[in-house]
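Note sheet for the following structure.
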Amino acid sequence: MKQLGVTSGRISRWRAPTLPSTRLEPEINGAGRSLEKLARNVLTGAPRIINACATVSHGPIECRGYTEKPELADRVWRFTHDHRDMFCVLDEHSERTLLGWIVGGLPACPPSEIERSIVAESIKRLLDFSPDEALSETRGELRMRPPDRAWSCDIEMLSNDGQRAKLQFFTECAPIPQSPSFVCHADLRNVVLHLRATLPGFECALAEVSAWHSGSVLRFQRPKSAISVGLYVGRRRVAVAHLGAVYGERVVKLIGVGTGIPR
């Protein structure tokens, strides 16, 4: 009869189930709110500039990096909005769809330079919703792409016959400060402390004190044990020691370290 929990003569090991890791998302900051404002402006202006565009919607504001797909050639425009650098990304499929809406026919594949300039002009008009920002700030980028970590928002345009075109907008998203996974120890080797040593109190006649002068020698009553010395940093006692001598030099031998040692 096979015992429970035993496999081939060995006790099977139980492993706790792996908990899914939670992804820490940053709170939407000023850059994210600027991107959200941009998306609302594009939603308002898209049906007016592109007649074939029936409905426009935008997705959530997310902090994710830009991913370029090798099979689709993206076009990127860089511009300034709300005093922040923004990127507009249009993939090849959406470019042909958008061009078909503008010219009212099936564009060439790949689009010609004239057709690409028509799309670029429409993108500039789509982004020209603020009189405070000049069109010269909107420029096509051949090699520059959005940062690896960026606020992102997708805007989807839909025509009456069901064709879709998507614009992706990006702006920089600051990294989340991470707590260190290890404890860093401070280098205390070059920290200078001023120690003050105090001998224990003793009884002395007032006549002897009145006779003190520079160079006087004070005689301590020889205790049965070594004379204890308190070491202080400021007003805090940090150690207790015994008074002694080594090679003719006065020294102290530590017998207790810390603030909790008895007096």
Side-chain angles (χ1 to χ4, degrees), residues 3-35 61-65 83-85 147-152 171-263:
Q3 297 180 356
L4 294 178
V6 178
T7 305
S8 303
R10 298 180 61 185
I11 300 178
S12 60
R13 295 181 178 179
W14 179 84
R15 293 184 177 181
T18 304
L19 297 177
S21 59
T22 58
R23 182 181 177 184
L24 184 61
E25 292 289 347
E27 296 183 359
I28 297 179
N29 57 6
R33 289 190 291 270
S34 295
L35 186 62
I61 307 298
E62 300 176 322
C63 188
R64 58 180 171 86
H83 307 290
R84 303 180 189 274
D85 282 342
D148 295 335
R149 184 177 180 83
W151 290 112
S152 173
T171 190
E172 186 175 2
C173 177
I176 306 173
Q178 300 289 339
S179 58
S181 57
F182 58 90
V183 177
C184 297
H185 297 281
D187 185 4
L188 302 178
R189 290 173 294 181
N190 295 325
V191 178
V192 178
L193 296 178
H194 296 280
L195 296 180
R196 177 172 52 89
T198 303
L199 293 172
F202 65 96
E203 294 181 354
C204 183
L206 179 58
E208 294 181 12
V209 175
S210 62
W212 284 357
H213 58 83
S214 179
S216 297
V217 177
L218 303 182
R219 298 184 181 275
F220 293 89
Q221 297 176 357
R222 182 181 298 273
K224 295 181 180 180
S225 60
I227 299 177
S228 296
V229 179
L231 297 180
Y232 294 80
V233 176
R235 296 184 178 181
R236 183 182 295 271
R237 190 178 66 169
V238 296
V240 172
H242 283 166
L243 182 63
V246 174
Y247 302 116
E249 298 288 340
R250 282 295 185 184
V251 295
V252 291
K253 179 181 179 180
L254 299 181
I255 60 174
V257 178
T259 57
I261 51 181
R263 294 184 178 274

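Predicted, not measured: the structure shown is a model, and the values here were computed from it. Heavy-atom basis, side chains included; hydrogens, waters and symmetry copies ignored.
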Sequence neighbours excluded, which residues qualify as side chain to side chain donor-acceptor pair (under 3.5 Å) partners of T171?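 Counting only residues at least two positions away or on another chain, T171 forms no side chain to side chain donor-acceptor pair (under 3.5 Å).
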
Partners meeting side chain to side chain donor-acceptor pair (under 3.5 Å) with R196 (sequence neighbours left out):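 Only T198 meet the side chain to side chain donor-acceptor pair (under 3.5 Å) criterion with R196.
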
One pair to check against side chain to side chain contact (heavy atoms under 4.5 Å, CB included): V240 and L231. What are the steps and the verdict? CA-CA 6 Å; V240 172; L231 297 180; over 6 Å; no

Taking all atoms of both residues into account, what is the closest heavy-atom pair of [X] and [Y], and its distance?
X    : Y    : value
E172 : W151 : O-CD1, 3.4 Å
V252 : A241 : CB-CB, 3.6 Å
R64  : S152 : NH2-OG, 3.0 Å
V229 : A197 : CG1-CB, 3.7 Å
I61  : G32  : CG2-O, 4.0 Å
A207 : S210 : O-OG, 2.7 Å

Straight-line distance of [X] [atom1] to [Y] [atom2], nearest 0.5 Å:
X    : Y    : atom1 : atom2 : answer
R149 : C173 : CZ    : SG    : 4.5 Å
D85  : S34  : CG    : OG    : 11.5 Å
K253 : S228 : NZ    : OG    : 12.5 Å

Taking atom CG of N29 as the centre, report whether more than 12 heavy atoms of other residues, nucleotides or ligands fall under 6.0 Å from it.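 Buried by this count: over 12 neighbours within 6.0 Å.
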
